[in-house]
Structures are given as structure tokens and as C-alpha cells.
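Down below is the structure, laid out as C-alpha cells.
Nothing here was measured: the structure is a model prediction, and the numbers come from that model. Note that ligands are numbered from 1 as they come in the structure, with each ligand's atoms numbered from 1 the same way.
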Amino acid sequence: MTIAKVIVDVPSQNTNRPFDYGIPPQFSGVVQPGVRVIIPFGPRKIMGYVVSLTDKSDFDKIKDIVDVLDITPILTTELLQIGKWLSNQTLSFYISCLQVMLPQVLKAKYRKELWKTTEEALPEELALVFAGRDVMDYEEFEQSEVTYQKLRKFVDEGWIDVHYEVKSRETRRTTSMIESNKDIIELEESLVDLPKQANKQRVIVEHFLEYEQPVPKKQLLTTLNTTAAALKPLIEKGILREYKQEILRDPYGHRSFERTQPFPLTAEQQTAIEPVLATIERKEHDVFLLHGVTGSGKTEVYLQSIQRVIDDEQEAIMLVPEIALTPQMVERFKGRFGSNVAVLHSALSAGEKYDEWRKIQRKEVQVVVGARSAIFAPFTNIGIIIIDEEHESSYKQEDRTRYHARDVAVERGKIHSCPIILGSATPALETYARAVKGNYHLLTLSKRMNDATMPKAELIDMRDELHDGNRSMFSRVLKEKIEDRIAKGEQVVLFLNRRGYATFVMCRDCGHVKECPHCDIALTYHRRQERLKCHYCSHEEPMPNQCPECESKTIRYFGTGTQKVEEALQQLIPEARVIRMDVDTTRRKGAHERLLNQFGEKQADVLLGTQMIAKGLDFGNVTLVGVLAADSLLNLPDFRASEKTFQLLTQVSGRAGRHNLPGEVIVQTYTPEHYSIQLSSEYNYEAFFAEEMKLRKAFRYPPYYFLTLFTVSHPNQLKVQEVTQKIVQFMRQKLTDEADVLGPTPSALTRINDRYRYQCMVKYKKEPEQRKLVQRILHYYEDEMKQENGLQITVDFQPYQLM
Ligand code: ADP
Ligand code: ZN
Ligand code: ZN
């Protein structure tokens, strides 16, 4: 193989294909699929990824690779394949899809070093170059006589390894190790030879007679209560040997985790896990939906499924939403699997992330627990992939490569022939629909552990409050109950939706919300023009000055912030100690955890917050959860508004009464009759699903239809309108009659950064030509899109963010 096919690091339509490069003899055998190379490209030298090797090229004159950046591939052939698939799925550039799978450190240029990774003496050729050092500069190595082929062989054989220097201080985390340089008999002999007064040296040698394995120098000195001075002569005489070993930065290293044993499963858990284990055994691909209320023992099912995979010497990927990746969560996995777990999430530094990734790449762990991007863990023998809280929208990446981790999981599951578990108390409608249809295998956990019941939820109609003269944001019941809990020394969680600022229009008298006549979706209030607009179709109307239902004049746009709520609460109940948690109070690093700790230590009576308090909180002393404006999410211009409301209310309710004290939930709403509010207070997912599916069908939304969202932006509004109009026309012309092409419509966020945004939405069932058509559009506008601050067109297949 003398030619490499390379994806070059130039994200553009014209370069979105492999380019052929010759492999000069010094790199043959080293250049292989999955390594990065430096190649001449036009006048420049740039980076690229080798995706395959071949013997002949269709081009007569090809240039040669000038340098190789990796000695061992950083992408497996499977991940190269996934990258290709991702690029087709999302119509992103192949190069972006490769980059999205890698830790940050590998995307930029970093200085490389060669590290000695063995205690043994290096082969002569290597020893000459290393000249007694444990670490040497890669560039210096390249100047030596040793060939790349040899280098690769030495790396494969485990003598040395290539390291990327992240930040000079961070990477160089090494520790001095001491080991015996002699066999037992020689050690015994050296003991005899020691001078009589050398007691300290004697103790050290005796240690190595008893324990053969190397120990960190520091640890040796402390356990034997001795000094480096005593060690030195032993090393000089060649009895002991000192060497440096890399310590991978382990963000959880300073903590020890108590090991936990698997629980004997309940009958329900047993029934749920059996088909999963059978699939693992048969090495088959299948997708399971584990539908279980919070606290029903889903995590235990995950843990025991992973255990089986580990026993089979396979590997497991466990995804949890970023926000739920709390120390509590990590503890459960570290507790069961100890150091066999790598953890990947965004709070880690680039260096820490890289280290965790390396543990996976080097096969030092069999389990990874992480947020979205952990789905690209470079395992090669995956036995299971689990996605907890699968309905979470954070599994969808919202920029550049718009992938959904669930789709990647299923694709990798097919390749590895292994099962996928999607777990949730409130599955995404799409997922549950597939399970009902039989495409996914439905497993149900219907009961909480220990027969604990879900907390009782009470709906408070805020219109009644108003009629009775209570204009506060707190109903009388909620106020009384908060006071009651404070008196008892119990705690309260108050939840307010961050998107409470969303500008929908509602009548405070009758709760009427202005909706689009064509879409059954709340109209968005545009303050500047005093008009209401539909975010999905082109409908718009003036802002009414009285309620069309009851003629009340109290119709107005709606929005409440946490700060306002805090002030109101302090006025109402001055003795309440309140911790407010929202984007403002948690901006600084560590603030989130600190506030939660304070609440856990009962330094406050009330925790008031947004979305971020909805998940994973587990405080035994919380016996009351209050939801202030349950409707705020409901009226977002999003066809998933009801679904999100149901999910969120279920989540929030789960925060109360988690331990011995019974819990209670108060939900304040202007629309207590709305099915998502009704049914979430009854914890009735199935009924909600049935109801919501009817509407999705009627209004032609997923899961009955697929969506494609074009968002066009440009500083000039006319230009945006014109381009979007053209796209709409083109799609209307080319797609089948079955497809709905809506637009052009201003996006809900019509102007961001002085750029106007318009959109076109396609609803369809089956349009095999669609991707080709989109590609044609992107191609057509390519030059305009290259200009700085020029036209931008993004296409989202399966959009979750519709703003
Ligand atoms: P979920 O993931 O569905 O919220 P968990 O797995 O966290 O539920 O289980 C809830 C609680 O019940 C946890 O404290 C867990 O340790 C405990 N638990 C789970 N399975 C069992 C079991 N089979 N026997 C006893 N306790 C269990
Ligand atoms: Zn009204
Ligand atoms: Zn509409």
C-alpha cells in the first residue's frame, strides 16, 4: 500500500472527500487508517486524517505526506466508519465529524514527547537515543537514525509511548517509583554485604525481600519511616532501581469509593434484565426501552447488565445527561466497578479529559460513564450501550455536527452486535412509539423500591386565587405549606421555569393563551411591532387588548424571573432562609455544588431554582416541592411543549419524599385542565402518551412525521427572506406532494448578533431524495457562505431547538 486517502482539515464542500497522497518509504507501515498526517495542500501544509490505504490512485501526480502525527491510530476503523455515516446523516463535513469524536487535545497542535513506559532496559537502538532519559522530545527523536517503522514497533511492543503535551505542567505528572533490581537470592546476598551500621538500608532491602512489586518512592519512605539518603546508596550500587512513571490525572483519584455489591434483584427487575442478558450472551443487537418510574431500580439493572459485559471481557458505554452527571452518580459506578471506570464530562480540564480518554484507548478500563460525547469512546469490543434519561434534549448536539447520541448508539450497536438500553421514567414520544410498535423491546419497572409511593400532587388553579383577590405569585395553600415546613424544620424546593421569560400572551382571568389557528401552538409576542406571530407557519396578528374568550382586559404577555420570585417570597415569609439557584448564582465554578451542599447541610429552608434543580437532587429532608408556573413551558412555541412539561413536572415531583418522610407536591397553574398537567400529577405516562400522540398525528408532527429545519441568517433582512423563500420554493418543487414545506418564517429569535434569522420547516414521511436536494442547496450557496459575516444556512434533520 503506497497511497493514503486523507480527509484534509479544510471544512468546505469542495474538500469534503478523501485526497490521495503518496506514502514515502520512511513512513510505510506507520501511515495507517486513523492516524493524523501533515500534507501539502495548495501553498500550505495542513493536517489531515488517513481514512484508508490503497495501491493505486486515479490521479497521475500526487504529492507525498510530509509528516506523521500519530504513531498509533487515534481513530479506530469503526469510528472512521461512524464518521462517514455521521457525515451522511447530518450533512456535516467529514472532517468535522472526525473531529467531534476526539478529545480537544487531539484537535490542536501540541508538542509531542516520547515516554519510556517500561522498567526494563530498552532495546539497544532505543537506549542509544534515549541516552538514559525517561522522556525525550519527539522532534529530537525524529532526527535520530531510528526509523518510523521501528518507532511504531517499539510503541506496539510497549517500550515507549507518544505523549501530547497539554500544558507543560499538567502533562508532566509523573511519580518516582522504586523497585528491586535483583532477584531474591541476589537481594539476600546484598543484605549480607551491607555495612553493619547501615540499618536504614537494611530495612529497605528487607522490604523488597518481602514485597517484590515496585512502590512509589514517597510511599516507601513514609511506610519505612526513612529518608532518600538511605535509598541513594542502594540505587548507586544497582540493588534498587528508580524510574519515573506517568500518573494519569484521575479527577476522582483523591476519593476512595466504597465498593458495593449487586443487590438481589426484585421480581420486576429480574424480568426486565433477563432479555438484556440473553442478548448480551448471544451477542445480538437489540434496542431496549427500560421504562421505569424514578426510584424503580433502573440503575441497578444497568449496573448488573454492565457486570455481565465485563465478565464476558467486553466493554460498556454508559451515557447520562451532563446535568445529572453528579458526584453521586459517578460514585455508584466507581463503587461497583472501581478503577475499571473512566469518567468523561465537561467539567474536566482538557488534560483530564484526555487522560480519561487514554484509559479507554489503552484498554485500561472496560466502562466509560459520560455525557453525550462519550458515545464516541474508542472501545473496540463493545458489549452494551446504555443511555439513561434518554428523553433529555442534551443528547442532541446543537451546533456543527448535529448528531443525536441515541442514533450514534444504535449505529454502533449494530456494528458491535450488542444491545442498547434506553432508560427513562418519561421516554421521548418517538422512543415510546417505537417500543409500542415493536421496533424497540419494551421493559417496564412499574413500582418504586420498597413500595415507596410517588408523592401526592395537588393542582392549584391560579385563576381562583386571582378571583379571590390574591395577586401574589404564591397561592395561599403553597404559602401555608411552606410556613408549615419551616416550622417543622423540613425543607422545600421551589421550581420555576427559566423560560418563564418566554413571551406568550395569556389572560390572567381565564387562562386563555393565544394560539395559532393553524398549528395549535402558542403565538409569540413580538414587543417591537406589538404583534403575535406563529413560529411554525407564517400566521401573525396584532396583540389583542382584551381577551377573545372572556373580554377581560387583563390579557398580557407573561414572564417571571427567579429574582422576582425570591423578593416576593421574602416579603411573604420574611423568616424563610432562601437559596436561589439559577444561571446568575451558579456562574462561577463550583458554585453549583457549594449551594447544594449548603442546602444539604440545612443552612436554608427553601431552595429556589430553575431547570438545574430538577434533576438528580436527593435530599431526604425535602418534603414539599412547589412548582410556581407550570404553564410557562407549556406555552413555548414548540410542538414538544406538552411533552417537556410532562417530563419536567414528573422530574420535579420526584424530588420530594425520597426517603422516610412522605412528600407532597403543589403545582400552581392557570390551566389545571391541560392533559399534560393533569396526567403528570397522576404519574400516568401511558395516558399522556395516548393523548399527545393524537395531537401529533393531527398536526403532522413527529413521531408521525419527520422534520427538517433550515435556518437562514444574514445581516440583511431582505436577503434572508429572499434566500429562505428560494429554499422553500426549491423544496416544494422537488419534494413529493406528501411533504409539507412551511415558510419562510422569522425564527422565534429573529435577530441574534445583528443577524436576521428565518426558517423553513419540512414535514415529511419518506423523501429519499431529500439529502441530495439539501446538498444541492448548500452547494449553490457555498461561495456566499464562505464570506465573513455573510450568509449562513444550517440544516437540522430532527431538530430539537426550534428557536
Ligand atoms: P432509578 O435508577 O430507577 O431511579 P435506582 O436504581 O436508583 O432507581 O434505585 C433506587 C434505590 O433502590 C437505590 O437506592 C438503589 O440502591 C435501591 N435498589 C435498587 N435495586 C435494589 C434491589 N434489587 N434491592 C434493594 N435495593 C435496591
Ligand atoms: Zn380571558
Ligand atoms: Zn402557525
Do E643 and H391 get their side chains close enough for a donor-acceptor pair, meaning under 3.5 Å? no

Do any N/O atoms on M449 end up under 3.5 angstrom from N/O atoms on ligand 1? no

Heavy-atom contacts under 4.0 Å between D388 and ligand 1: side chain, backbone, both, or neither? neither

Q307 versus D311, side-chain donor and acceptor atoms under 3.5 Å: yes

For F376 and Y403, I'd like to know if the aromatic rings sit close, meaning centre-to-centre distance below 6.0 Å. yes

Sub-4.0 Å heavy-atom approach of R332 to ligand 1: yes

Just going by heavy-atom distances, which of Q270, Q269, E268 is nearest to atom 20 (N) of ligand 1? Q269

Which of the atoms in ligand 1, numbered in the order shown and given with their element, are less than 4.0 Å from a heavy-atom of P264? 22 (C), 23 (N), 24 (N)

Without hydrogens or angle criteria, can the side chains of Y440 and R434 be said to hold a donor-acceptor pair below 3.5 Å? yes

Angle between ring planes, F288 versus H441, binned at 30° and 60°: parallel, tilted or perpendicular? tilted

Where ligand 1 meets E300 - atom numbers and elements under 4.0 angstrom, heavy-atom basis: 6 (O), 19 (C), 20 (N)

Do S642 and Y675 pair up side chain to side chain, a donor and an acceptor below 3.5 Å, judged on atom types alone? yes

So if I count the atoms of ligand 1 from 1 in the order they appear, which ones are less than 4.0 Å from some heavy atom of V293? 3 (O)

Near L265 (heavy-atom distance under 4.0 Å), the atoms of ligand 1 are 23 (N)

Aromatic ring proximity F379/H416, centre distance under 6.0 Å: no

Enumerate the atoms of ligand 1 whose separation from the nearest heavy atom of S296 is less than 4.0 angstrom. 1 (P), 3 (O), 8 (O)

Could you please spell out the steps behind the side-chain contact (heavy atoms from CB on, under 4.5 Å) verdict for V343 and E356? CA-CA 6 Å; V343 179; E356 294 294 296; 4.1 Å; yes

Report the part of R448 in contact with ligand 1, treating N, CA, C, O as backbone and CB onward as side chain, heavy atoms under 4.0 Å; options are side chain, backbone, both, neither. neither

Contact (N/O only, under 3.5 Å) between F263 and ligand 1: no

For ligand 1, which atoms sit closer than 4.0 Å to a heavy atom of K298? 1 (P), 2 (O), 3 (O), 6 (O), 8 (O)

